[in-house]
Amino acid sequence: MKFSNLKYIAVAATLSMTASSCDDFLDRPTEDSYTAENYYQTDAQCLSATNYLYNSPWYDFQRGFIKVGEVLSGNYYWGSSPYLTFTVNGSDEDLVNMSYSLWGAIGHSNMVYNNLANSKASEAARLQSQGECLVWKAMGYFFLVRTFGEVPIVHDNGSNLASGEYQTSTKVWKDDVYEYIVMTLEKAIEDLEKAEETMVIAEGRIDQWSAKALLAKVYLTKAGVKGTVEQTDLDNAAKYAKAVIDHFKSLGAGFQGTGLEENYEDIFKLANRYTKEGLLVWRWTADGENWTRQNSYQSDLGINGIDDWGSTWGGWNGMSVDLQKAFGVDLENGQPDSWLNNTDSRLHATMMLPGFTYDQFWQDRQGFDYLNFIYEGRKVGDKTYKSVSDALESATGANTVKHIYGDTYDHQQGAGCSDGRMASSVPTFLIRLSDVYLIYAEAMLGASNVGPGSAPSTKSEVIDAYFAVHQRAVKSASKPSSVSWDDIWKERRLEFAMEGDRWYDYVRVSYYNPDFCIEEIKAQQRNPLWNLNDCYKNYYQNGTWDNTNVVYDNKTSVPNPVALMKLDQVSNKQYFCLPFPSEDVVFNPNLGSNVDGIHVDVRATYSY
């Protein structure tokens with residue numbers, strides 16, 4: 001919600017959402033008429049009031065989530081995108097929608113939180129619901145500060161509107177914004193812990209472990225915001241991460257008792273959308289009752305023809321050459337065995353390559369075969385299902401697997417309801433349990449060993465946490481005798497590719513080591529490969545792999561990541577940040593890129 005329309009947050013939040021859903025906890029009772037004064041009367045009403053915070057306010061962030069998180073970071077090729085070339089500006093539609101979505105999520109969370117204060121429901125239901133509001137609010141600010149750097153703090157919509165401050169809002173130092181997020185999550189944890197003493201949290205809802213996982217991630221990011229890595233923040237990151245890890249270990253569930261799914265690829269299958277590994281998740285639903293409740297990623301990322309609606313147009317893009325090489329795949333110079341025999345299960349679960357097949361897609365059409373789909377298709381009865389293009393679309397030769405569900409039958413099998421045009425129930429993971437393990441490993445390195453080129457650690461805590469994630473992906477791996485920051489840095493890239501997180505790893509490292517981030521991005525292979533279609537077609541039809549004519553585009557210039565950096569007034573180091581939407585700056589010049597933030601003692605200024 002943009003600042004110029006901030007006053008409409010109250011109206012939107014009061015209206016809330018009244019649709020039923022094909023997903024479990026997203027169901028809510030239908031009310032003929034209700035207001036904030038008469039709705040929050042029962043536990044069911046109280047808990048259902050927060051349901052829409054899991055999807056609708058975030059809908060317009062979906063495209064920005066991928067373009068910022070994956071295209072900017074060099075994981076994903078999106079042709080002609082300013083995010084690919086570091087030329088994005090304040091008028092970019094996806095950036096504008098992203099910003100408004102994040103402010104809207106914060107505004108809705110604030111409004112529902114305040115409405116719940118006078119609820120006549122049980123204390124446990126009220127505290128659970130208010131805790132959820134605070135976690136979503138914290139998540140909104142976490143995205144904002146990592147995307148735009150210094151941002152205003154809107155603690156309470158009502159008082160902000162009454163005072164007219166929304167017209168003159170001033171940006172706040174990043175460190176203070178992080179402290180505000182910490183304070184918000186501390187209150188959320190307090191409420192959620194107390195609620196869980198007397199009530200069982202429904203599957204898929206935010207709980208205290210969701211909040212603690214997010215707080216651990218916030219502390220790890222906050223640790224470097226002043227220009228050097230703060231040990232105290234690392235200690236807090238480790239403390240909260242360990243609490244989450246120990247909780248899941250106590251359940252005795254998951255891969256080797258870690259709480260992780262046994263098979264990496266299962267995490268992203270629609271039928272497993274409530275995996276316990278998903279600690280903080282956008283919960284989409286394709287019920288058709290409200291446009292903003294659905295996941296639209298398959299349309300943006302899927303190959304034309306994979307669905308039954310004719311609404312996919314993402315096949316022309318694909319996983320970057322740089323990411324492929326991080327997985328050990330070299331389409332220009334290598335052979336198929338480099339991916340067909342790759343021992344890292346995350347490769348198959350992340351990108352489609354020649355020879356890869358997927359049982360979870362096209363279950364009613366004998367499964368999905370990547371090259372068969374492109375060049376021949378599956379015949380079912382008198383109809384043949386195949387790519388609309390009759391040729392390889394991807395400019396890099398690898399399409400995404402994550403965020404894809406397949407056809408209508410696949411959606412019905414996985415979610416229990418039909419999909420729709422630009423609509424699925426595929427969840428979007430914001431924090432998974434494996435992230436908590438890697439946060440713990442990095443935090444336990446200690447301030448002197450956090451950063452590129454640092455000495456490896458022989459601490460058992462670091463090795464065990466890293467290895468829990470790595471061995472789940474590479475079952476044949478042997479436990480290392482030491483683990484370095486660089487090991488964890490690469491592991492994070494492979495583990496969370498296409499999950500909207502990689503750019504934010506660069507942001508947090510840029511706080512204390514911008515030169516490393518600049519040089520690594522400049523060295524990336526972000527451009528397309530030429531002549532792949534002939535190579536792929538010949539391989540499919542004749543079984544012969546001939547990549548003689550496959551050539552990487554070396555003519556397109558290397559982007560300049562410094563174009564999206566700003567000098568921090570405290571640390572005197574450059575850090576990554578994107579420009580505020582131009583119309584917001586026109587409305588409120590205090591938000592301009594040339595305007596620095598102010599220091600705010602958030603704990604003395606705000607309270608819950």
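The chain is numbered in sequence order, starting from 1. For clarity, every value in this text was computed on a predicted model and none was experimentally measured.
Side-chain contact check for Gln128 and Glu196: no donor-acceptor pair (N or O, by modelled atom type) lies under 3.5 Å. Between Ser424 and Gln298, the side chains place no donor N or O within less than 3.5 Å of an acceptor N or O (distance only, hydrogens not considered). There is a side-chain donor-acceptor pair under 3.5 Å between Tyr83 and Asp92. In this structure, a donor-acceptor pair under 3.5 Å is present between the side chains of Asp419 and Tyr405. Side-chain contact, Asp156 with Asn110: no donor N or O sits under 3.5 Å from an acceptor N or O. Side-chain contact annotation: Tyr59 with Ser101, donor-acceptor N/O pair under 3.5 Å absent.
Under the side-chain hydrogen bond (donor to acceptor under 3.5 Å, both in side chains) criterion, Lys171 pairs with no residue at all, not counting sequence neighbours. For Trp209, the ring-ring contact (aromatic ring centres under 6.0 Å, His included) partners at least two apart in sequence or on another chain are His247. Partners of Val281 under the side-chain contact (heavy atoms from CB on, under 4.5 Å) rule, at least two apart in sequence or in another chain, are Arg283, Pro427, Phe429. Taking Glu93 as the reference, Asn97 meet the side-chain contact (heavy atoms from CB on, under 4.5 Å) condition, with sequence neighbours excluded. The ring-ring contact (aromatic ring centres under 6.0 Å, His included) check on Trp173 picks up His599, with sequence neighbours excluded.
Using the six-membered ring where Trp is involved, Trp58 and Phe61 have ring planes that are tilted, between 30° and 60° apart.
Taking the six-membered ring where the residue is Trp, the centroids of His403 and Phe268 are separated by 6.0 Å or more. Between Tyr54 and Trp284, the gap from one ring centroid to the other reaches at least 6.0 Å.
Between Lys67 and Asp94 there is a salt bridge, since at least one side-chain N of the basic residue sits less than 4.0 Å from a carboxylate O of the acidic one.
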Distance-only donor-acceptor hits, side chain of residues 139-148, under 3.5 Å, sequence neighbours excluded:
unit_1, atom_1, unit_2, atom_2, d
Tyr141, OH, Val154, N, 2.5
Arg146, NE, Phe142, O, 2.9
Thr147, OG1, Phe143, O, 2.6
Thr147, OG1, Tyr504, OH, 2.9

